[in-house]
Amino acid sequence: MGYQNKVAVVGAGLTRFVRRAQETGKELCFEAARMALDAAGLRPRDIEAVVMGTAPDVFDGVHMKGEYLADGAGGFRKPYMRSFVGGGSGVFAAIHGWYHVASGHFDTVLVVAEEKMSSCLPHPQAAFNGIYDQFLERPLGVNLLWIFALEMNRYMQVHKIPLETIALVSVKNKRNGLDHPCAQEGIPGNYTVEEIVGSEVMVWPVTRLMVSPVTDAAAAIVMVSERVAKRISDRPVWVKGVGWHLDTSYWTNRDLYYPKYVEYAARMAYDMAGITNPRREIDVVEAYDPFAYKELHHMEGLLLCDKGEAPRLLERGITARNGELPVCPSGGLLGVGNPIAAAGLMKVAEIFWQLRGEAGARQVSRPVRTGLAQAWGDLMQVGTVVVLGV
Amino acid sequence: MSVHIREYPGVPLRDRDLQEGRVLATEWRVKAQYAWDTGAALSRFFRGLKEGKIYGRWCPGCNRVMVPPRMFCEWCFRPTVRWVAVRDTGRVNTFSVSYVNWDASRSSVPRVPAVIELDGASPGMGIMHLLGEVGDTLEEILRRVRVGMPVRAVWKPPTERQGAITDILYFAPVEGPGGGENG
Ligand SMILES: [Zn+2]
């Protein structure tokens, strides 16, 4: 196996997703972390190490945000590390936490992910333009959305996917978000395809209702070794597999229609989990959906269907909450909100709640034993995957 | 969120809170300036642009001509060995139509970013640039621009070039046989 310990998730917490939080990043971290500890029945002093996932410093304008947030995350005077792979950070932080425990080095680890995007005025978009190459791309007057609009159009062109089909992701996830008590005000809703497609064009083919909003929030999970899990939890959720992979930052030199790095990350996680047929063996999926097309793109990268086939699964209702392969039953980033790193860890937490049957109105109708959370980010180049099971 | 949790912390601020100054806001001008070194590969690339030429770099391991050029091949992890002048014509790999400025403010005039695969570079070796002469409205642009459409660089006059990516103003559709709407 290559590692010492089986690792379980035994508690999770989440703050409400808001457009401009009155709370500081530290305060948000504290709320989520305390909730996860309470859920696990642990006290801060039971935690041996803390992992923080938070994406860019520039949003908050706080230098070394990992260190800044340590107090709120319970990382004070503890072994503490920050994970940072852009949008992939939230799921990567869970992988990082798994590593701490699987290695045999720690028995109890608290993983916290936070993003406070709204501090950056007038819009974090401007701060995020720094992802582009400073010589070749920024002088063109870039915008963060360009890269996604270009990828989306390439995906649509290669597979001949109409915009209306992609809009169905927004319809589904924004409807699912209605059942999420932490969803950001004004984000979930009952929308028609026409409303999604007809909303303001941001960067064609991306319209306003096909992109997730600016959000502040924090999420947390508690990860423990098998020994501790058996002692403190009657319903541990096991980490069955983890995978991560990075592609080239020469993003214009890749064929954007297919996320190969997600496939590699998924294969790594499936191998570890002993999954040979993900289409049959994965029961519920939280794929990363900051843009509507990304859910489809990622389902294909996760090998849950053939290339270009994800739109058909969507149209046939297979990815609906009561479908055969529920995708983003939480509502995802489109339906709940997108506090970058916290959104990724929220997906891990959602799978945890789904596998424990605690998801309430969001609980998928089919019985679930194995679930997957995935995130993606940096210069469209990182895939992070966690497979959980009971 | 678990059914066992009844309280969801997180208090949103209202627009009114901002308008009525109940939020502490500070403002300062950051004087952040950078003198970046372009490195061996891009120095030659930008010098080429000043001369109206686009240079790629060839890797003997995988036989790829790569644009943007680099001094090493990330696949073979060995040095690239030769400069190759590629053409300033190519095809649109993908494009979009932007109504959003760099700072997320709204722009009334759309811009058309694209990934362009240059002739003479290996397949798939696109660069990002803008398309021009393709219309002023979304409808017009979507009618005129196609993935696979042949394009040609429109350069700044030689005296105005600075050795920067903006020495190419934009890429314009190539008219005539093989060009135009169906590409
Ligand atoms: Zn090579």
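Lettering follows sequence order; numbering is per chain, from 1.
- For residues 127-140 of chain A, the interface with chain B (any heavy-atom pair closer than 4.5 Å) comprises A:N129, A:Y132, A:Q134, A:F135, A:L136, A:E137, A:R138, A:P139, A:L140, sorted by residue number.
- Contacts of A:A12 with chain B are made by backbone atoms alone, with heavy-atom separations under 4.5 Å and no side-chain atom involved.
- Interface with chain B: from residues 212-221 of chain A, no residue qualifies, criterion being any non-hydrogen pair under 4.5 Å.
- Remark: A:E200 CD to B:Y99 OH distance equals 11.0 Å, nearest 0.5 Å.
- Using a 4.5 Å heavy-atom cutoff, the side chains of A:R362 and B:M1 are in contact.
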Side chains of residues 31-39 of chain B: which donor-acceptor partners sit under 3.5 Å, not counting sequence neighbours?
from  : atom 1 : to    : atom 2 : distance (Å)
B:T38 : OG1    : B:S43 : OG     : 2.9

Test side-chain contact (heavy atoms from CB on, under 4.5 Å) on A:L150 and B:S96 and set out the steps. CA-CA 6 Å; A:L150 290 167; B:S96 61; 3.8 Å; yes
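- The shortest distance between side-chain heavy atoms of B:W102 and A:V142 does not fall below 4.5 Å.
- Looking at B:V67, only its backbone comes within 4.5 Å of chain A, counting heavy atoms on both sides.
- In this structure, the side chain of A:T252 engages the main chain of B:G126 through a donor-acceptor pair within 3.5 Å.
- Contacts between A:W353 and chain B at a heavy-atom distance below 4.5 Å involve the side chain alone, from C-beta outward.
- Each salt bridge (Lys or Arg N to Asp or Glu O under 4.0 Å) pair with one or both residues in residues 12-26 of chain A, not counting sequence neighbours, appears once here: A:R19-B:D15, A:K26-A:D71.
- Residue contact with chain A, scored on non-hydrogen atoms closer than 4.5 Å, involves the backbone and the side chain of B:A104 alike.
- A 4.5 Å side-chain heavy-atom check between B:P12 and A:Q184 finds every atom pair outside the cut-off.
- Only the side chain of B:F46 comes within contact range of chain A, judged by heavy atoms closer than 4.5 Å.
- Taking the side chain as every heavy atom from C-beta outward, B:V11 and A:E27 never approach each other to under 4.5 Å.
- Side-chain contact check for A:N253 versus B:P68: some heavy-atom pair is nearer than 4.5 Å.
- Looking only at side-chain heavy atoms (C-beta outward), B:N101 and A:N143 stay at 4.5 Å or farther from each other.
- No side-chain heavy atom of B:R146 sits under 4.5 Å from any side-chain heavy atom of A:Q157.
- Using a 4.5 Å heavy-atom cutoff, the side chains of A:W251 and B:V115 are in contact.
- Contact of B:D17 with chain A is not made at all, since no heavy-atom distance falls under 4.5 Å.
- Interface residue B:L18: only side-chain heavy atoms are found under 4.5 Å from chain A.
- Interface remark: B:I141 contributes no atoms to any contact with chain A (heavy atom separation under 4.5 Å).
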